[in-house]
Each structure stands twice: as structure tokens, then as C-alpha cells.
Protein chains: 2
Amino acid sequence: MSNYRLRGRLWIEGPEGTFLGYGRVVLLERIREHGSISAAARSMEMSYRHAWKLVDSMNRQSLQPVVEKVTGGKGGGGAKLTDSGEKAVDCFWSAYRDYKTFLSERSQQLEL
Amino acid sequence: MSNYRLRGRLWIEGPEGTFLGYGRVVLLERIREHGSISAAARSMEMSYRHAWKLVDSMNRQSLQPVVEKVTGGKGGGGAKLTDSGEKAVDCFWSAYRDYKTFLSERSQQLEL
DNA sequence: AAGCGTAATGTTTGGCAGGATATAACGAAA
DNA sequence: TTTCGTTATATCCTGCCAAACATTACGCTT
């Protein structure tokens, strides 16, 4: 067995650059779990501002928004993952799994 | 056809982190072409310092050095790609080709 | 009307990777 | 012994991006 292994990063590119990546998808799942961008950000030690920008970027690049947001109101508002968001999450994880498989298999064939 | 496509980065990881990546391999090829680290760096608008560090990192992580260096002497010295370096370059490009193919094929299957 | 916690957005700060700069060591060739 | 362009290495400088901080808007609840 070799000292070396193949590694990489994967993302889905949209009109404005990155649409979905590992961190973005985890953020979406946290939003689903916590019901707000701010709670999701806190839960993963990300600044609210950064989280908000990521959500904004994803929504801008998606025909249907991935996250629906309510500002003001009971509890100050919140955010929820849309059906389109769920689909995006699934789509990314599916590609991510295949990608991990590829890296793992191709790693064995490294000749050095 | 979708507005989205899969993109990624690929590298070969060694004991100290990145061993070979796209930029590093191009640097190795430039060294083969120009016969010195400094000329190679100039040719790709990379600082000598940066290029030197990359070569040093690759050599440290390889059983056999990928680049042999001569300091002083005719023309001030120089550097050449070793057989081991050639093999490393080939190995990376081979994996890179497969990676590109994977990304391209998997991109078509994106459902969003 | 006041309070609450969130969304939304602007401004400032800080960390650090890489570039720029400087200088020494090197050794063949003239 | 001088010259030359390279390798080798330390130190300073800078541009960028994320984090930190600050503020406003919002609308339901009480």
C-alpha cells in the first residue's frame, strides 16, 4: 500500500460561481433542523453574516429558492428549507457519495 | 441541459499534506523545460520563493527526490526533473484525466 | 406601545498566505 | 580572483477574505 492517497473537493457550480458545496449543504440541513439561519449558524460556529450570504447566494442561483425566510413576527422570524432546497441537498449528497467512491477506488491505482 | 455543472479540485496527499496538485505538476514540467527553478517560476509568473517551497515540499515527501538541484557552478546551477519526478507527473495527469472524465459524466446526471 | 429574536446590511478589524525584497552561499568558467 | 546566475533563506509588506462588531427593519405577542 502507498503512502499517498487521492483527495479532492467537489462543488456544484451555478451562474455566479459556487452553488452548492459541502459547507453550504450542511448549512441547509442545519436550517432545516433549527428553523432559522441564525440558530443554524450558531450551531456550526459560523458567523450569521456569512451564513446569510451563503443562503442569499444559493437562493439567487436557484430558480426556486432553497430557503424561505420570514422576517419579524412570532419569535422574530425564521427560515425553512423548501422542497427545492431538499432536492438540492439530496442532489449534492448523491454526487458527493459517487465522488468519494471514485477517489477511494482511484486511490488504489496510484503508481508511486 | 442544466444550468449547473459539477466542478472540483484534485490532489495527491502525502505525509505532510499536499504532495502533487495541478500547479505543482505544471511547475515540475516547467523545470524540465527550463532547467532551473527560477526560470520555471518566471515562466509561469510565480515567485521564486513560492516555487522553491513547492519543490522542497515535494522532495521531502518523496522517497526519491522529484527534482535534483545543483547550486553554483556553470550558469549558477540549475535543476532537473528526475525519473521519479517524471513518474510523479505521469501519475498525476493520469488520475487527473480520470477525474475530469468523472466530473464530466457525473455532471450530466445532476437532477435539478 | 413596548419587547423580543430574527432577518438584513453596513463598517471595521484581524489573520495569514503569498509576494516583494534583501542577502548569503555556491562553484564552474574566464 | 572576479564574474555570473543560480540555489537557499530570512525578513518585511500587502491584499484579500472571513470574522467581529454594529445597526436597522420587521412584525407578532403581550
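Numbers restart at 1 for each chain; the letters A, B, ... are given by sequence-line order, proteins then strands.
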Problem set entry | B/Cys91 versus A/Leu110, closest heavy-atom pair with distance | SG-CD2, 3.7 Å
Exercise. So B/Tyr99 and B/Tyr96, would you call those rings parallel, tilted or perpendicular, with 30° and 60° as cut-offs?
Worked result: tilted
Problem set entry | Phosphate OP1/OP2 of D/dA8 contacted by B/Trp52 side-chain N/O (<4.0 Å) | yes
Exercise. Is it the case that more than 12 heavy atoms not belonging to A/Glu86 sit under 6.0 Å from its CD atom?
Worked result: yes
Exercise. Any side-chain heavy atom of B/Ile12 within less than 4.5 Å of one from A/Arg5?
Worked result: no
For this session: State, with a plain yes or no, whether a side-chain heavy atom of A/Met44 is found less than 4.5 Å away from one of A/Val26.
Result: yes
For this session: Could you state the atom-to-atom distance from CD of A/Glu68 to P of C/dA7 in whole Å?
Result: 14 Å
Exercise. Quick one: A/Leu54 CG to C/dA8 P, roughly how many Å, whole number?
Worked result: 14 Å
For this session: Would you give a per-nucleotide map of nucleotides 25-30 of chain C, 5' to 3', where B means the base has a protein non-hydrogen atom under 4.0 Å away, S means only the sugar-phosphate does, and - means neither?
Result: -BBS--
Problem set entry | Contact check, side chains of A/Phe92 and A/Leu28, non-hydrogen atoms, under 4.5 Å | no
For this session: Under 4.0 Å from any atom of DNA chain D, heavy atoms only: list the residues of residues 7-40 of chain B that qualify, in numerical order.
Result: B/Ser36, B/Ile37, B/Ser38
For this session: Nearest whole angstrom, please: distance from the C1' of C/dA8 to the CG of A/Asn59.
Result: 14 Å
For this session: For A/Gln61 and A/Glu16, indicate whether the former's side chain and the latter's backbone hold a donor-acceptor pair under 3.5 Å.
Result: yes
Exercise. A/Lys69 has an atom NZ; how far is it from atom P of D/dG27, in whole Å?
Worked result: 14 Å
Seminar exercise, completed: Contact string for nucleotides 17-24 of chain C, one letter per nucleotide 5' to 3', B = base within protein heavy-atom range under 4.0 Å, S = sugar-phosphate only, - = neither, reads --BB----
Problem set entry | Side-chain donor-acceptor pair present, B/Ser94, A/Arg106, cut-off under 3.5 Å | yes
Problem set entry | Any donor-acceptor N or O pair under 3.5 Å, side chains A/Ser107, A/Arg7 | no
For this session: Verify salt bridge (Lys or Arg N to Asp or Glu O under 4.0 Å) between B/Arg60 and B/Asp56, making sure each step is shown before the conclusion.
Result: CA-CA 6 Å; B/Arg60 275 200 319 268; B/Asp56 193 51; 2.6 Å; yes
Exercise. Below 4.0 angstrom from OP1 or OP2 of C/dG5, is there any side-chain N or O of A/Arg42?
Worked result: no
Problem set entry | Closest non-hydrogen atom pair, A/Trp11 against A/Thr18 | CD1-OG1, 3.8 Å
